[in-house]
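A short write-up of the structure that comes next.
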Amino acid sequence: MCGIVGYAGPDRESSRGLEVVLEGLARLEYRGYDSAGVAVVTGGGIATQKRAGRLSRLTSALQERPLPGGSAAVGHTRWATHGGPTDANAHPHVSPDGSVALIHNGIIENYAALRAELGEGGAVFLSETDTEVVAHLLAAEISTAGSRGGAQALAAAMRAVCQRLEGSFTLLVVHADAPGVVVGARRNSPLVVGLGDGENYLGSDVSAFISRTKRALELGQDQVVTITADEVGVTDLDGAAVDATPYTVDWDADAAEKGGFPWFMAKEIHEQPRAVADTLLGRSDASGAMTLDEMHVDPSVLRAIDKIIVVACGTAAFAGHVAKYAIEHWCRVPVEVDLAHEFRYRDPVLTHRTLVVAISQSGETMDLVMAVRHAREQGSKVLAICNTRGSTIPRESDAALYTHAGPEIAVASTKAFLSQVAACYLLGLYLAQLRGNLFPDEVATLVAQLRDVPDAVQTVVDAADEVRELARELVDSPTVLFLGRHVGYPVALEGALKLKELAYIHAEGFAAGELKHGPIALVEPGVPVFVIVPSPRGRDQLHAKVLSNAAEVRARGARTIAIAEVGDDAVLDHADVVIRVPAVPTLMAPLVTVVPLQIFAMEVATAKGYDVDQPRNLAKSVTVE
Ligand code: F6R
């Protein structure tokens, strides 16, 4: 939430800083798009421009009133929390004396007390934000310390002010008397450093500067960073120097471009076969044995675990729901799935024999950060399944299994979901191998089946025309329902979530067997019902049971759309439309059955004229609780 960019370079006259910051904001706009703003430290002080609305409104304003050049610049794209999306509430916020410009991601939880305190001293506020108090505090701190400006003074003021703040924040500040300097700080919100040649960068994530450098530094909790053109210095809040961890980003700027697709989401759907294949790559050997080198949890601990709790939010939680079916089946260990924001507050039973699996694309979802901390405090081991290197959740976990989906820019998660599910299968197979629940040849067979799945996903991605047509036909539906059993149930939930968030249509996913316990009352003539049909080759009459549920809704007039395996003829008697997917093993079916639902939601939203990549009220990476 909220995108943050900072630039420090050598040239006090140049417009390069502003260009770098605007390009970074364009790449970060997916994090929030309520308003945008920039500040530049010029020869004559600080110049700012900010606008409510999309970044394009800011760039138009900058064309009408260009800002002078400068050697330090910061930029912000906002997802509003405190105060609506107005010009006044947009960042940067400038101190009353005009010396300080500040941008912020997160929530300052004690801002009301600080604002009251400053108000007693006569401070006047121009916005309703929690951020503006910090700009006041920083300017006051610098003037009290008696040393105006300068990198050292600015960093010292940032450390002192951060000690007074509660909540979560990434802050970037520039000062009129400190040309070429940006100071940043982070607590519970993301901030990474980009190491350039003769210039340096800061960003909420590496996409802010990926076209300039792939060399980055991870920053830890409660650290303050100072960048100039040639130097990067990191300290803790007491001013002690800290060695930040360097890393190299393993994708390039092209990965963060649309590459000819109308939407990032369309591109990311097309990247799914690769995302799954890359996530599987190098995690098993030629004999089909699992080799998860990054599982830095003692095998004896993993052998002893008596419960797994998967914790995540939204789409990632649905990936965890799929994991439950696979891991319980393969490993015979109970798996619970919990929404991260419920987990901590329900006082879950956690012991040193519980493995907590935290799934997150961004690695920054605040509800999950808090869940991870809680689990570790209780003595449980935490494994992160994450797509973003250097992010908070893997850093704070005992081990991390990275998905290799590449950057996911569209707000609605697609390729991250598939790669999370694939990573969960890897975890399940690894644990089954380690704990002796499966014989080596069984593991090898499942690994081989998994390696075939990317081709099956490709087949579904390539066969989108029918789904597109269906989307045009159903574009005006007020309600759409999704039914599934077993691993089809989380797929139904995900199909409904995609349609809600992109097309703003009331959509609900149900366990198909639950229908007759209430939800079937929603079915009336013409209502579209998607039914995720399991393979007829599967066990436990699952297929027959789901077809019965399809028949029940069809008998009540629903327009029934089945997602069914190629060659499943029985489905033809129970569906008005059949979308075919290739045959894959039952437990792996979500990787193919979810794809038509993603495409459906995207196409309905497109037909309605909505912005698919940036749906209303949402932002990628939810860094507030
Ligand atoms: C929905 C979606 C969200 C995220 C959720 C978790 O399309 O993208 O539901 O899945 O906010 O985000 P991460 O995976 O970054 O923790």
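Please read all numbers here as calculations on a predicted model, not as lab measurements. Start at 1 and go down the list; that is how both ligands and their atoms are numbered. No hydrogens, no waters, no symmetry mates; every other heavy atom, side chains included, goes into these values.
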Verdict with reasoning, L522 to T479, per side-chain contact (heavy atoms from CB on, under 4.5 Å)
CA-CA 9 Å; L522 289 171; T479 290; 5.8 Å; no
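In this structure, R389 is positioned above the aromatic face of Y402, its NZ or CZ under 6.0 Å from the six-membered ring centre and within 45° of the axis. Cation-pi geometry between R212 and Y201 is not satisfied (NZ or CZ under 6.0 Å from the ring centre, within 45° of the ring normal).
One finds a salt bridge joining R27 and E257 here, because a Lys/Arg side-chain nitrogen approaches an Asp/Glu carboxylate oxygen to under 4.0 Å.
Partners of A410 under the side-chain contact (heavy atoms from CB on, under 4.5 Å) rule, at least two apart in sequence or in another chain, are F264, M265, E268, D613.
A parallel orientation is assigned to the rings of F482 and F530, their planes being inclined by less than 30° (bins at 30° and 60°). Between H82 and Y111, the angle of the ring planes goes over 60°, which puts this pair in the perpendicular group of the 30/60° scheme. In this structure, H76 and H91 have parallel ring planes: the angle between them is below the 30° cut-off, well short of the 60° mark.
Contact atoms of ligand 1 toward T365: 12 (O), 13 (P), 15 (O), 16 (O) (distance under 4.0 Å to a heavy atom of the residue). Close approach to V411 involves these atoms of ligand 1, each under 4.0 Å from a residue heavy atom: 8 (O). For ligand 1, the atoms lying closer than 4.0 Å to a non-hydrogen atom of K498 are 1 (C), 7 (O). Residue contact check: Q361 has heavy atoms under 4.0 Å from atoms 13 (P), 14 (O), 15 (O), 16 (O) of ligand 1. Residue E501 has at least one heavy-atom neighbour below 4.0 Å for each of these atoms of ligand 1: 1 (C), 7 (O). With ligand atoms numbered from 1 in the order given, ligand 1 contributes 9 (O) to contacts under 4.0 Å with heavy atoms of G314. The atoms of ligand 1 that sit less than 4.0 Å from any heavy atom of A412 are 7 (O). For ligand 1, the atoms sitting less than 4.0 Å from at least one non-hydrogen atom of A316 are 10 (O), 14 (O), numbered in the order shown with element in parentheses.
Of the listed residues (T403, T315, L497), the one carrying the non-hydrogen atom nearest atom 2 (C) of ligand 1 is T315. Relative to atom 6 (C) of ligand 1, the option among C313, A416, A410 with the closest non-hydrogen atom is C313.
Within 6.0 Å of CD on E469 lie no more than 12 heavy atoms contributed by other residues, nucleotides or ligands.
The closest approach between N387 and ligand 1 stays at or above 4.0 Å for every heavy atom of the residue. Under a 4.0 Å heavy-atom criterion, E364 is not in contact with ligand 1.
The shortest N/O to N/O separation between K620 and ligand 1 does not fall below 3.5 Å. By the 3.5 Å distance cut-off applied to N or O atoms, V622 is not counted among the residues near ligand 1.
R395 and Q221 share no side-chain donor-acceptor pair at under 3.5 Å.
Protein heavy atom nearest atom 15 (O) of ligand 1, with residue, atom name and distance: S362 OG, 2.7 Å.
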